[in-house]
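Remarks on the structure that follows.
Below, chains carry the letters A, B, ... as their sequence lines are ordered, and counting in each starts from 1.
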Amino acid sequence: MTATSTSAPEADPASLHAGVIEWFDDHARDLPWRRPEAGAWGVMVSEFMLQQTPVNRVIPVYEQWLARWPRPADLATESPGEAVRAWGRLGYPRRALRLHGAATAIAERHGGDVPKTHQQLLALPGVGEYTAAAVASFAYGQRHAVLDTNVRRVFARAVTGTQYPPNATTAAERRLARTLLPEGERTAARWAAATMELGALVCTARSPECGRCPIARLCAWRQAGSPAHEGPARRVQTYAGTDRQVRGKLLGVLREAVEPVPQAVLDQVWHEPEQRARALRGLLMDGLAERLPDGRYRLPGA
DNA sequence: TATACGTGGCG
DNA sequence: TCGCCAAGTAT
């Protein structure tokens with residue numbers, strides 16, 4: 001390929017970096033965990049809360065959480081149940097348990113400071129490949145490929161030329177993300193945040209606003225005529241009538257209760273006894289609830 | 001690799 | 001109304 005082509009500019013890394021990062025300079029949202037005072041703990045808390053929960057619902061809970069537990073050691077002194085209660089209705093309350101566990105591990109094994117290496121972060125409960133890279137990059141400015149659903153979609157469109165990424169993250173995606181990572185540490189960290197923001201604000205799943213996209217000219221998907229997705233449709237998770245819904249109802253009662261809750265009260269939340277019992281067993285197994293000697297239930301240690 | 005795991009807003 | 005979607009992790 002010669003350098004004379006003018007109709008369809010190549011998405012060379014340097015052009016992508018410049019376009020996305022300059023756009024981010026002007027359009028980055030002022031989110032609380034992006035402020036300097038958030039610190040690594042603030043970044044970590046936000047990352048836990050943002051796992052599958054939209055930004056707008058996270059913000060108020062994040063503010064309360066950081067005000068109450070400004071350092072990992074502060075949270076570590078609380079019962080897990082208090083963390084679950086303060087989690088409110090963010091969903092997937094096991095994340096609250098894991099965040100509490102991460103705080104405890106940080107207090108015990110890391111002197112109270114959020115660890116800095118990807119490997120140390122990965123060892124914390126609730127921290128997977130994405131969160132470890134995100135904390136290392138956003139909190140400590142390190143050079144990591146941060147591959148979340150937004151970035152995967154941006155890369156799928158801009159570089160690969162497909163409307164959506166595969167259902168599960170592939171080795172090819174990781175390779176591509178590493179290839180596109182700018183050399184410099186600071187630029188790499190900026191790039192990670194910028195590509196996520198672009199996916200969240202412009203290159204959205206359902207209705208991308210290509211007119212506002214800084215790299216629309218370079219986008220392989222647009223150049224291909226914006227073809228519709230071919231692969232298998234993403235499986236939609238059902239919710240109504242599932243154990244998850246019943247668990248949510250049971251936990252909602254425990255979360256709001258000041259005193260331990262009698263079995264009879266929990267029995268009100270769902271009509272089908274077998275499913276109800278199974279859901280409650282699940283909560284107990286997961287450590288999201290506990291049964292007292294008198295037969296009543298409450299959040300763990302609350 | 002596929003599945004379980006909450007909740008709510010939007011088109 | 002209802003399906004789709006939201007900064008994933010653990011098993």
Side-chain angles (χ1 to χ4, degrees), chain A residues 24 28-29 31-34 38 42-62 84 87-99 101-102 121-139 144-155 163-171 173 177 192-201 203-208 229 232-255 269 275 278-279 281-283 285-289:
Chain A
F24 188 57
R29 288 169 293 179
L31 300 171
W33 44 87
R34 285 181 178 163
V43 171
M44 172 169 276
V45 170
S46 77
E47 290 303 336
F48 270 78
M49 292 183 172
L50 288 163
Q51 291 168 3
Q52 301 286 279
T53 302
V55 165
N56 287 334
R57 287 176 46 210
V58 164
I59 290 174
V61 181
Y62 170 89
V84 173
W87 196 254
R89 304 186 63 79
L90 288 182
Y92 291 149
R94 291 190 294 192
R95 292 180 293 163
L97 232 38
R98 292 174 183 149
L99 181 52
L121 288 163
L122 201 53
L124 298 172
V127 176
E129 180 182 348
Y130 160 77
T131 301
V135 172
S137 180
F138 303 153
H144 289 283
V146 179
L147 208 48
D148 80 324
T149 188
N150 289 305
V151 177
R152 294 180 60 219
R153 189 174 54 248
V154 168
F155 288 175
Q163 187 178 18
Y164 296 115
N167 283 331
T169 305
T170 63
E173 287 183 276
T195 46
M196 281 182 65
E197 192 78 334
L198 186 65
L201 298 183
C203 193
T204 60
R206 253 190 293 198
S207 51
H229 188 62
R234 187 177 355 178
R235 243 189 334 288
V236 31
Q237 55 165 2
T238 55
Y239 181 65
T242 61
D243 286 6
R244 254 191 316 186
Q245 183 183 20
V246 183
R247 286 166 58 108
K249 286 180 176 295
L250 290 169
L251 198 63
V253 172
L254 299 180
R255 198 166 51 223
V269 310
Q275 188 176 27
R278 186 170 64 241
R281 276 198 306 276
L283 290 176
M285 287 265 301
D286 290 346
L288 283 165

Short question: side chain of A:Arg57, backbone of A:Arg89 - any donor-acceptor pair under 3.5 Å?
yes
A:Gly91 backbone acceptor or donor facing A:Gln52 side chain under 3.5 Å:
no
A:Ala205 near the nucleic acid: base, sugar-phosphate alone, or nothing, with a heavy-atom cut-off under 4.0 Å?
sugar-phosphate
5'-most by nearest nucleotide on DNA chain C - A:Tyr164 or A:Ala132
A:Tyr164
Heavy atoms only, 4.0 Å cut-off, all strands: where does A:Gln245 land among base, sugar-phosphate and nothing?
nothing
When all nucleic acid strands are considered with a 4.0 Å heavy-atom cut-off, which category describes A:Val146: base, sugar-phosphate, or nothing?
nothing
Round to the nearest Å and state the distance from A:Leu254 atom CG to B:dG6 atom C1'.
15 Å
Using a 4.0 Å heavy-atom cut-off, does A:Leu251 contact any base of the nucleic acid, only the sugar-phosphate backbone, or nothing at all?
nothing
Residue A:Pro54, side-chain atoms from C-beta onward, closest of C:dG8, C:dA6, B:dC5:
C:dA6
Rounding to an integer number of Å, can you tell me how far A:Glu197 CD sits from C:dA6 P?
14 Å
Can you confirm whether A:Gln163 is buried at CD, in the sense that more than 12 heavy atoms of other residues, nucleotides or ligands lie under 6.0 Å from that atom?
yes
Would you indicate what A:Gly91 reaches in the nucleic acid, counting non-hydrogen atoms under 4.0 angstrom: base, sugar-phosphate, or nothing?
base
For A:Thr131, report the nucleic acid contact type (base, sugar-phosphate, nothing); a contact means any heavy atom under 4.0 Å.
sugar-phosphate
Protein-nucleotide distance (A:Arg94, atom CZ; B:dA4, atom C1'), rounded to Å
6 Å
Any base atoms under 4.0 Å from A:Leu283, or only sugar-phosphate, or nothing? Heavy atoms, all strands.
nothing
Testing B:dT7, C:dA7, B:dC5 for proximity to the side chain of A:Asp243, the answer is B:dC5
Distance check needed: B:dG9 P versus A:Leu90 CG, whole Å only.
13 Å
Expressed as a whole number of angstroms, how long is the span from A:Asp286:CG to B:dT3:P?
19 Å
Determine the contact category for A:Arg244: base if any of its heavy atoms lies under 4.0 Å from a base atom, sugar-phosphate if only primed atoms, P, OP1 or OP2 are that close, otherwise nothing.
base
Answer yes or no: is there a donor N or O on one side and an acceptor on the other, between the side chain of A:Glu47 and the main chain of A:Val43, under 3.5 Å?
no
I want to check one thing: is the phosphate of C:dA7, taken as OP1 and OP2, less than 4.0 Å away from some side-chain N or O of A:Gln51?
no
Residues in side-chain hydrogen bond (donor to acceptor under 3.5 Å, both in side chains) with A:Asn150, at least two apart?
A:Asp148, A:Arg153
Please confirm whether the shortest side-chain N or O distance from A:Arg152 to OP1 or OP2 of C:dG8 is below 4.0 Å.
no
Which part of the nucleic acid, if any, lies within contact of A:Arg29, taking any heavy atom under 4.0 Å across all strands shown: a base, the sugar-phosphate backbone alone, or nothing?
base
Are any of A:Arg57's side-chain N or O atoms less than 4.0 Å away from OP1 or OP2 of B:dG9?
no
So which one's nearest nucleotide on DNA chain B is more toward 5', A:Arg95 or A:Ser207?
A:Arg95
Among the nucleotides C:dA7, C:dG8, B:dG8, whichever has the atom closest to the side chain of A:Gln52 is C:dG8
Does the base of C:dT9 carry an N or O that pairs as donor and acceptor with the side chain of A:Arg98 under 3.5 Å?
no
Hey, does the side chain of A:Ser46 reach the backbone of A:Trp33 with a donor-acceptor pair shorter than 3.5 angstrom?
no
Has the side chain of A:Thr53 got a donor or acceptor atom sitting under 3.5 Å from an opposite partner on the base of B:dG6?
yes
Donor-acceptor pair under 3.5 Å, A:Arg206 side chain vs C:dC4 base:
yes
Using a 4.0 Å heavy-atom cut-off across all strands, classify A:Trp33 as base, sugar-phosphate, or nothing.
base
Nearest nucleotide by nearest heavy atom, which residue falls closer to the 5' end of DNA chain B, A:Ala168 or A:Gly248?
A:Ala168
